2 protein chains.
Amino acid sequence: MTALGFTQHDHAKCVRSGLAAAEAQCRARKLRLTPVRRRALEILLSEHRALGAYDLLARLSEEGLGSQPPVAYRALDFLVKAGFAHKVEALNAYLACAHLGDDHAPAFLICRACRSVAETATTPRQGRLGAAAEEAGFLIERTVVEAQGLCPACRKAAA
Amino acid sequence: MTALGFTQHDHAKCVRSGLAAAEAQCRARKLRLTPVRRRALEILLSEHRALGAYDLLARLSEEGLGSQPPVAYRALDFLVKAGFAHKVEALNAYLACAHLGDDHAPAFLICRACRSVAETATTPRQGRLGAAAEEAGFLIERTVVEAQGLCPACRKAAA
DNA sequence: TGGCTATTGATATGTTATAACATACAAGGT
DNA sequence: ACCTTGTATGTTATAACATATCAATAGCCA
Ligand SMILES: [Zn+2]
Ligand SMILES: [Zn+2]
Ligand SMILES: [Zn+2]
Ligand SMILES: [Zn+2]
């Protein structure tokens, strides 16, 4: 499970396989991938960046798929709950999951220059955080792990 | 550097020593701990919870220390930049630093029941996140590490 | 078919954060 | 004392992010 997003790759395939995986999951788990939800996921999959809810809404609305905030937030809520997308807390923005199907605790590498985001994974119950929680008697239910900095390309450009 | 916040302790001392440490830092680094900034820090120190900017603003405003959003945001911006407070991204809220003076990468344990927050520390460049960044060629400048779940007291109460 | 539930449509509102511009005030040089 | 420069505040307005509510509709199953 290595971090994509910064490297060159067949991006059309990201979109296709992401959608296909989501469809399969929905069939298996009896979830309804309605037109708005499906298109929202496709839009998120179409870039390795986090989109704000209102960015997403603008695109949906261009296509006549709704024009009010709840439309975007409901779609995002569904996608996040289903595990098809994640919220990037440090940006208040949303990103298609890059490891759709795998059960995982996501972590993000966020470039402050080009705003691209790569998803990787953590093992929150291990490591220092897990140890601190253990010591404190704290029960971890969810973790937010996000690194901000410079992606390889922007790092090179800065030098 | 163990996580406080969930355990019983002499809290008046947290406030006193926090303020004293901030004052010392300001002298040493030629920063200006103005009345609004000082009082904002004192308010944050007075609880081991994260306060929203508007919560803080409400308290400041009760005391005639300003009534418009920028007042709170400027004070918070100063405190965060100086390292006297942290933003908890998952809550969009702010918390006094519990390890004032030490250079550290903060991490938080956030109780979803009582909303208390304990600060601990991470070593972001080590561990899985650091390894993923290394592999991707990503330069980490700042990390957000936050765990949500149940503190010991609320865990016991739930059982 | 009828009743149930999930989803959508629509309006309004709540919450968090910043832009923009004007003013006050402290520090340092002349 | 006077000016200059930079930092901090005051003030208004607005951008950006998120949810509450309620009515209408579509899919599902007994
Ligand atoms: Zn994922
Ligand atoms: Zn970049
Ligand atoms: Zn701290
Ligand atoms: Zn608790």
Side-chain angles (χ1 to χ4, degrees), chain A residues 22-23 25-41 43-44 49-82 84-95 110 112 115 144 146, chain B residues 22 26-27 29-41 43-44 49-82 84-95 110 115 144 146:
Chain A
E23 279 164 0
Q25 290 261 328
C26 284
R27 272 192 302 274
R29 294 159 56 194
K30 303 214 188 299
L31 301 175
R32 294 172 52 192
L33 194 62
T34 62
V36 181
R37 293 168 176 179
R38 191 193 147 91
R39 184 64 187 127
L41 177 57
I43 289 168
L44 292 182
R49 290 171 49 226
L51 289 184
Y54 281 70
D55 296 333
L56 175 64
L57 178 59
R59 306 222 195 166
L60 290 173
S61 131
E62 281 170 10
E63 305 173 21
L65 286 170
S67 60
Q68 300 304 320
V71 172
Y73 282 100
R74 285 165 181 162
L76 288 168
D77 186 59
F78 170 84
L79 295 174
V80 168
K81 280 193 175 131
F84 302 160
H86 303 294
K87 178 172 186 184
V88 181
E89 297 288 353
L91 302 176
N92 290 321
Y94 303 83
L95 184 72
I110 305 163
R112 67 167 157 80
R115 307 186 51 75
V144 174
E146 303 174 0
Chain B
C26 284
R27 272 192 300 276
R29 295 158 56 196
K30 303 214 188 300
L31 301 175
R32 293 175 52 194
L33 193 63
T34 63
V36 181
R37 292 169 175 177
R38 190 194 149 90
R39 183 65 186 128
L41 177 58
I43 289 168
L44 292 182
R49 291 172 48 228
L51 289 185
Y54 282 73
D55 297 334
L56 175 64
L57 178 59
R59 307 222 195 164
L60 289 173
S61 127
E62 282 170 9
E63 306 174 18
L65 286 170
S67 60
Q68 300 304 320
V71 170
Y73 281 101
R74 284 165 180 162
L76 288 168
D77 186 59
F78 169 84
L79 295 175
V80 169
K81 281 195 174 128
F84 302 160
H86 303 294
K87 179 173 185 183
V88 180
E89 297 288 353
L91 303 176
N92 290 321
Y94 304 82
L95 183 73
I110 305 164
R115 307 185 48 75
V144 173
E146 303 174 0

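The chains referred to below are lettered A, B, ... by the order of the sequence lines, with proteins before strands, and numbering in each begins at 1. Because the structure is a prediction, the values reported are computed rather than measured. Below, all heavy atoms of this structure are taken into account, side chains as well, without hydrogens, waters or symmetry copies.
With hydrogens and angles ignored, the 3.5 Å screen pairs a side-chain donor or acceptor of A:Arg29 with a backbone N or O of A:Ala82.
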Write down the protein N/O and nucleotide N/O pairs, taken from nucleotides 5-7 of chain C, whose separation is under 3.5 Å; answer none if there are no such pairs.
residue: C:dT7; atom: OP1; partner: A:Arg37; partner atom: NH1; Å: 2.9
residue: C:dT7; atom: OP1; partner: A:Arg37; partner atom: NH2; Å: 3.3
residue: C:dT7; atom: O5'; partner: A:Arg37; partner atom: NH2; Å: 3.3

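To the nearest 0.5 Å, atom CG of residue B:Leu95 and atom NZ of residue B:Lys87 are 13.5 Å apart. Taking CD1 of A:Ile43 as the start and CG of A:Leu65 as the end, the distance is 7.5 Å to the nearest 0.5 Å. To the nearest 0.5 angstrom, A:Phe78 atom CZ is 5.5 Å from A:Leu33 atom CG. Note: A:Asn92 CG to B:Glu89 CD = 7.5 Å, rounded to the nearest 0.5 Å.
When DNA chain D is scanned 5' to 3' for any atom under 4.0 Å from a heavy atom of chain B, the first and last hits are D:dA8 to D:dT12.
B:Arg115 CZ: 12 or fewer foreign heavy atoms inside a 6.0 Å radius.
Under 4.0 Å is where a charged nitrogen must lie from a carboxylate oxygen, and between B:Asp77 and B:Lys81 at least one such pair does.
Rounded to whole angstrom, the span from the CZ atom of B:Arg74 across to the C1' atom of C:dT23 amounts to 11 Å. Summarising the geometry, the separation between CG on A:Leu57 and P on C:dG9 is reported as 12 Å, rounded to the nearest angstrom.
Summarising the geometry of A:Ala53 relative to A:Ala72, their closest heavy-atom pair is O-CB, 3.5 Å, with the distance given to 0.1 Å.
Residue contacts shown for B:Lys87 are limited to sugar-phosphate atoms, with no base heavy atom under 4.0 Å away.
Where B:Val36 and A:Pro70 meet DNA chain D, the nucleotide closest to each residue was compared, and B:Val36 sits on the side nearer the 5' end.
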